[in-house]
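Following: one structure in structure tokens, then a few remarks.
Order of the sequence lines sets the chain letters (A, B, ...), proteins ahead of strands, with each chain counted from 1. Computed from a predicted model, the values in this text were never measured in an experiment.
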2 protein chains.
Amino acid sequence: MAEPEARLAELDAVFSALAHRARRQILMTLHFRGGSMAAGDIAGRFAHAWPTTTRHLKVLEEAGLVTVERKGLTRLYRLEPKNLEVVTGWMKWLKSAKG
Amino acid sequence: MAEPEARLAELDAVFSALAHRARRQILMTLHFRGGSMAAGDIAGRFAHAWPTTTRHLKVLEEAGLVTVERKGLTRLYRLEPKNLEVVTGWMKWLKSAKG
DNA sequence: ATCTCATTTAGCGACTTCGCTAATTAGCTG
DNA sequence: CAGCTAATTAGCGAAGTCGCTAAATGAGAT
């Protein structure tokens, strides 16, 4: 683990990313559609303007919750469930640890 | 469950509350010290000015993550683990549901 | 009633977030 | 290359967050 500050920063990034309803919904949408979708496909499912969704996607990407891959003209966003473990890990630890 | 909007609002409140490092730390501190502490006891463990911590406590309270009880001069904050289930529930559901 | 102690509320300034529209980048096709 | 399409970046304004200090509240003790 090392680098406690890096770990805290990661927690900050992940929890902040999850703090917005639209971003949680993006993750859910991705999951329900098999784990990966084109950016426009995602944007099309939201009432927000496309650039707004683009920015949400960037926040999720910076938190490590999704990854992007260029696929010709489109960009494929993929759910990265591994980094969600940061949250479950924190929750589990909070519940189990003894003082 | 009913009221989908109420449920979404609760998710918003809880995830937003967890999005700040100091607030996560307050929950951890509470847990490690047995689940309840006086406000001043909590504030004393943070570098922030006392009113700043008071506000964080209010955010946590509004999210249902802690409760307060007047105890003479002091106010006793108690961890409310039940409402943390909102998060674990969301996480679990996200991981297990099939599209 | 007054004083003190624990805590909150009020209010300010710096900064960030989140929505938008307009402009730009970059790949593909003719 | 010109033109279309997918998506991002730029930049703006409204609103929220988070730190602070100063003032107010409210309970207990003198």
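Using cut-offs of 30° and 60° for the angle between ring planes, the A:F32 and B:W93 rings count as tilted.
For C:dG19, one of the phosphate oxygens OP1 or OP2 lies less than 4.0 angstrom from a side-chain nitrogen or oxygen of A:H56. For A:H20, no side-chain nitrogen or oxygen approaches OP1 or OP2 of C:dT16 to under 4.0 Å.
DNA chain D is contacted by both B:R23 and B:K71; B:R23 maps to the nucleotide lying nearer its 5′ end (nearest heavy atom per residue). Residue whose closest nucleotide on DNA chain C sits further toward the 5' end, between A:G72 and A:T52: A:T52.
A salt bridge is absent between B:E62 and B:R55; no separation between the charged side-chain nitrogens and carboxylate oxygens falls under 4.0 Å.
Counting to the nearest Å, the P atom of D:dG19 and the CZ atom of B:F46 are 11 Å from each other. Between the CG atom of B:D12 and the P atom of D:dT17 there is a distance of 11 Å, given to the nearest Å. We find that CZ of A:R55 is positioned 15 Å from P of D:dG13, with the value rounded to whole Å. Between the CD atom of B:E62 and the P atom of D:dT17 there is a distance of 10 Å, given to the nearest Å. At whole-Å resolution of the value, NZ in B:K58 and P in D:dT17 are 12 Å apart. One can place CZ of A:R24 at 11 Å from P of C:dC18, the figure rounded to the nearest angstrom. Rounded to whole Å, atom P of D:dT8 lies 12 Å from atom CG of A:L60.
Considering CZ of B:R24 and CG of A:L8, their distance stands at 7.5 Å, rounded to 0.5 Å.
Side chain of A:R23 to backbone of A:L18: no donor-acceptor contact under 3.5 angstrom is found. A:N83 places a side-chain N or O within 3.5 Å of a backbone atom of A:A63 that can act as its donor or acceptor partner. Side chain of B:H48 to main chain of B:T53: no donor-acceptor pair is present (N/O by atom type, distance under 3.5 Å, no hydrogens or angles).
Checked against C:dG19, D:dT8, D:dC18, the side chain of A:P51 finds its nearest nucleotide in D:dT8.
Looking at heavy-atom distances under 4.0 Å, A:R21 makes no contact with the nucleic acid at all.
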Pairs: protein N or O with nucleotides 2-7 of chain C N or O, under 3.5 Å:
| unit_1 | atom_1 | unit_2 | atom_2 | d |
| --- | --- | --- | --- | --- |
| C:dT7 | OP1 | B:A39 | N | 3.4 |
| C:dT7 | OP1 | B:G40 | N | 3.3 |
| C:dT7 | OP2 | B:G40 | N | 2.8 |

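Two residues are said to be in side-chain contact when any heavy atoms from C-beta on lie closer than 4.5 Å; B:V66 and B:L27 meet this criterion.
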